[in-house]
Amino acid sequence: MPPILGCVADDFTGATDLANMLVRGGLRTVQLIGVPPSGGTGPDAAVPDVDAVVVALKSRTTPAADAVRESVAALDWLKAAGCRRFFFKYCSTFDSTDDGNIGPVADALLDRLGAHFTIACPAFPETGRTIFKGHLFVGDVLLSDSSMRHHPLTPMTDSNLVAVLGRQTPRKVGLVQYRDVAAGAEAVLARIDALIEEGCGHAVVDAVSDEQLHVIGEAVADLALVTGGSGVAIGLPDAYRRRGLVGTSGEGAATVPAIAGKAAVLAGSCSAATLGQIAEWQKTRPSYNIDPLRLADGEDVAAEALAFVRERLADGPVLVYASAPPETVKAVQARLGRAEAGEIVERAMARIAKALVDQDGVRRLVVAGGETSGAVVSALGVTGLRIGAQIDPGVPGTVTLDDPAIALALKSGNFGGPDFFAKALAQMP
Ligand SMILES: Nc1ncnc2c1ncn2[C@@H]1O[C@H](COP(=O)(O)OP(=O)(O)O)[C@@H](O)[C@H]1O
Ligand SMILES: O=C(O)[C@@H](O)C(=O)COP(=O)(O)O
C-alpha cells in the first residue's frame with residue numbers, strides 16, 4: 001500500500017517533530033530533505049515503503065513565492081507517490097509574517113488539491129502550546145507575551161491567530177471554538193460545515209489537550225489537507241486506521257540503526273530554551289562562541305571554531321554556538337540586517353558541520369534551531385532521515401539514509417529540557 005499521508009514541512013526541525021508524532025502513532029515514517037529530484041522517483045521507483053512521508057523544506061522565512069513553488073512541488077511529488085491525505089506542518093508558535101508564508105502556502109496547496117477548506121491548528125499541549133478562542137498561548141502566557149516576540153526572523157506580536165492568518169490570505173478565516181471541540185468530533189464537523197457555508201476557506205481550531213486533538217483528528221481525517229503543528233497529527237494515525245487507510249500494525253515504527261563516532265553540538269537558535277541549554281552545558285563542558293560581527297568583518301571564525309573543537313574532540317563533544325540574548329541579536333541585526341545576520345551565522349555553522357563530518361569522523365550531531373538545522377543538513381547533503389525514539393517532546397533521534405549514516409538530533413529552538421544536549425547525546429541511536 002502506498003503511504004497514506006504526505007506532509008510538507010516548512011523547516012527541518014519542524015519536519016522531525018511531525019515525523020516523531022506520526023511514528024509515536026505507529027505510522028512508519030521517513031523524512032525526505034527537500035523534494036526528491038524528478039525522474040526515477042515515480043510511485044514505482046524511489047517511494048519508500050512507509051505509511052507517511054514528510055518532505056522537509058526550508059521555506060518558513062523565504063519569499064512567499066519561493067515557499068509556494070517549493071511546497072507545491074513537494075505536494076506534486078507526494079501525490080505521485082500515492083499519498084491520499086496531506087499535511088502542511090508549520091511551527092507550533094505560528095512563526096510567520098504578514099507576507100506569509102503560512103497563508104500563501106496553505107492556499108496554494110488547497111488550490112492544487114482542488115480543495116476549498118482546511119484547518120489551522122498549531123496547538124501542541126505537551127510543549128505548552130494551546131489555543132483558546134483563537135488565541136495561541138505558550139505556556140502560561142499569550143504568544144505575544146512569550147519570548148517569541150523577540151524571534152530573530154519571525155517575531156510574533158499578535159496572539160489572535162484568526163487575525164494573523166487573516167492578514168496572510170484572501171480567503172475568509174473562521175474559528176472552531178473550544179465548546180465545539182469539547183462536544184466531540186460530530187460537533188466539530190457541524191461547525192466546519194457551517195463555516196464552509198459562511199464562505200470560510202480556513203478555520204483556526206481551539207485545543208488545549210491531547211484528548212481534544214484526538215477529537216479534531218477524527219473530525220478532519222477526511223479533509224484532503226490539514227495544516228498545523230505536530231500536535232494535531234496525534235489523532236490522525238488512529239483516525240486513518242479506523243478508515244482502513246493504514247495497512248500496518250505500527251509495531252517497530254521507530255526502529256533505527258545504532259551509529260558510532262565522535263559527537264558535537266551546534267546551536268544557532270536564540271530561543272530562551274536554547275539559551276538555557278547552552279548555559280547548562282557550559283557548567284561542565286567546553287563551548288565556542290561564534291560572533292556574527294566578526295564573521296561580517298571577514299574574520300575566519302569558522303576556522304577558529306574548528307581548531308577549538310579539534311583540540312578537544314578526543315575528550316568528548318564540544319558545543320559551537322552563535323546563540324545570543326535578544327539585546328545582542330538586536331544589535332547584530334541593526335548592523336547587518338536581519339536576514340544577512342541569520343545567513344552569515346548559518347553559513348558558518350554549515351561549514352563547521354561539514355568539516356567535522358568530512359575530516360574529523362564526527363557521526364553524531366545535535367543541532368539546535370530550525371533554520372540552523374536546515375543549513376547544516378543541507379551542507380551535509382543529507383537526502384533523508386529515519387526516525388527513532390523520542391528524546392524530548394517534539395525531538396526524536398534520527399539517522400540519515402545516506403552513506404556514511406549520521407545520527408542527528410534536530411532540535412526546534414523552543415523544545416527540550418535544560419539538559420537536552422547531554423540527554424540527546426546519551427539517547428541518540
Ligand atoms: N548572535 C546572533 N545574532 C543574529 N542572528 C543570529 C545569532 N545567532 C543565530 N542567529 C540566527 O538566528 C536564526 C535562528 O533561527 P533558528 O535556527 O530557526 O532557531 P529557532 O529554532 O530558535 O527559531 C538563524 O538564522 C541564526 O543564524
Ligand atoms: O512546531 C514546532 O514548534 C516545531 O516543530 C517547530 O517548527 C519549531 O521551529 P524552530 O523553533 O524554528 O526550530
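Both backbone and side-chain heavy atoms feed into the values below; hydrogens, waters and symmetry mates do not. Remember, it's 1-based here, ligands and their atoms both numbered in the order they're listed.
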Practice problem: Could you tell me whether some N/O pair between G369 and ligand 2 is separated by less than 3.5 angstrom? | Solution: no
Quiz prompt | Ligand-side contact atoms (ligand 1) for residue partner A322, heavy atom cut-off under 4.0 Å | solution = 1 (N), 2 (C), 7 (C), 8 (N)
Exercise. Return the residue, atom name and 0.1 Å-rounded distance of the protein heavy atom closest to atom 13 (O) of ligand 2.
Key: T13 OG1, 2.8 Å
Quiz prompt | E340, E346, E371: member with heavy atom nearest to atom 25 (O) of ligand 1 | solution = E346
Exercise. Would you mind running through ligand 1 and noting each atom that sits below 4.0 Å from a heavy atom of V332?
Key: 3 (N), 4 (C)
Quiz prompt | Protein residue, atom and distance nearest to atom 6 (C) of ligand 1, heavy-atom basis | solution = C270 SG, 4.0 Å
Quiz prompt | Nearest protein heavy atom with distance in Å, relative to atom 9 (O) of ligand 2 | solution = R60 NH1, 2.8 Å
Practice problem: May I ask you to list the atoms of ligand 1 that are less than 4.0 angstrom from any heavy atom of L153? | Solution: 25 (O)
Exercise. For atom CD of E340, decide whether the heavy atoms of other residues, nucleotides or ligands shown that lie under 6.0 angstrom number more than 12.
Key: yes
Self-check item: Atom indices of ligand 1 within 4.0 angstrom of G342 heavy atoms, with elements
Solution: 11 (C), 25 (O), 27 (O)
Practice problem: For T93 and D95, test the side chains for any donor-to-acceptor distance below 3.5 angstrom and give the result as yes or no. | Solution: yes
Quiz item: Taking both backbone and side-chain atoms of S230, is any N or O found less than 3.5 Å from an N or O belonging to ligand 2?
Solution: no
Self-check item: Backbone or side-chain N or O of T93 under 3.5 Å from ligand 2 N or O
Solution: no
Exercise. Start with the C-alpha gap between R69 and D66, add the side-chain angles, then the distance that decides, and say whether salt bridge (charged side-chain N to carboxylate O under 4.0 Å, His left out) holds.
Key: CA-CA 5 Å; R69 199 186 48 251; D66 294 349; 3.4 Å; yes
Quiz prompt | F415 and F124 aromatic centres sub-6.0 Å | solution = yes
Self-check item: Atoms of ligand 1 close to A324 [distance to a heavy atom under 4.0 angstrom, numbered from 1]
Solution: 1 (N)
Self-check item: Proximal atoms of ligand 1 relative to V345 (non-hydrogen, under 4.0 Å)
Solution: 9 (C), 27 (O)
Exercise. Look at the aromatic rings of Y288 and F308 and report parallel, tilted or perpendicular, splitting at 30° and 60°.
Key: tilted
Practice problem: Could you tell me whether ligand 2 has any atom less than 4.0 Å away from a heavy atom of K89? | Solution: yes
Quiz item: When only distance counts, is G370 in polar contact with ligand 2, meaning an N/O pair under 3.5 Å?
Solution: yes
Self-check item: Atoms of ligand 1, numbered as shown, that sit under 4.0 Å from any heavy atom of S269
Solution: 19 (O), 20 (P), 22 (O)
Quiz item: Using a distance-only test with no angle check, is there a side-chain donor-acceptor pair under 3.5 angstrom linking Q31 and T398?
Solution: no
Quiz item: Do R84 side-chain atoms and P2 backbone N/O form a donor-acceptor pair below 3.5 Å?
Solution: yes
Quiz item: Any N or O on K411 sitting closer than 3.5 Å to an N or O of ligand 2?
Solution: no
Quiz item: S147 side chain to S271 main-chain N or O, any donor-acceptor pair under 3.5 Å?
Solution: no
Quiz item: Of the protein's non-hydrogen atoms, which lies at the shortest distance from atom 11 (O) of ligand 2, and what is that distance?
Solution: G413 N, 3.1 Å
Quiz item: To the nearest 0.1 Å, how far is atom 14 (C) of ligand 1 from its closest protein heavy atom, and which atom is that?
Solution: G268 O, 3.4 Å
Quiz prompt | Heavy-atom nearest neighbour in the protein, as seen from atom 23 (O) of ligand 1, with distance rounded to 0.1 Å | solution = H151 NE2, 2.6 Å
Expected list for residues 382-392: side-chain donor-acceptor pairs under 3.5 angstrom, two or more places apart:
from : atom 1 : to   : atom 2 : distance (Å)
T383 : OG1    : D402 : OD1    : 2.6
Q390 : OE1    : N20  : ND2    : 3.0
Q390 : OE1    : R24  : NH1    : 2.8
D392 : OD1    : K423 : NZ     : 2.5
D392 : OD2    : G417 : N      : 3.0

Quiz item: Between A368 and ligand 1, is there a nitrogen or oxygen pair with a distance under 3.5 Å?
Solution: no
Self-check item: Per-atom contacts of ligand 2 with S92, taking only distances under 4.0 Å to non-hydrogen atoms
Solution: 1 (O), 2 (C), 3 (O)
Self-check item: Per-atom contacts, ligand 1 versus T372 - under 4.0 Å to a heavy atom
Solution: 17 (O)
Self-check item: Passing candidate, side chain to side chain contact (heavy atoms under 4.5 Å, CB included) with I192, options T118, V220, V205
Solution: V220
Enumerate, atom names and distances included, each donor-acceptor pair closer than 3.5 Å involving a side-chain atom of residues 172-182, sequence neighbours excluded.
from : atom 1 : to   : atom 2 : distance (Å)
K172 : NZ     : E198 : O      : 3.1
Q177 : OE1    : K133 : NZ     : 3.0

Quiz item: Is F415 in contact with ligand 2, taking contact as a heavy-atom separation below 4.0 Å?
Solution: yes
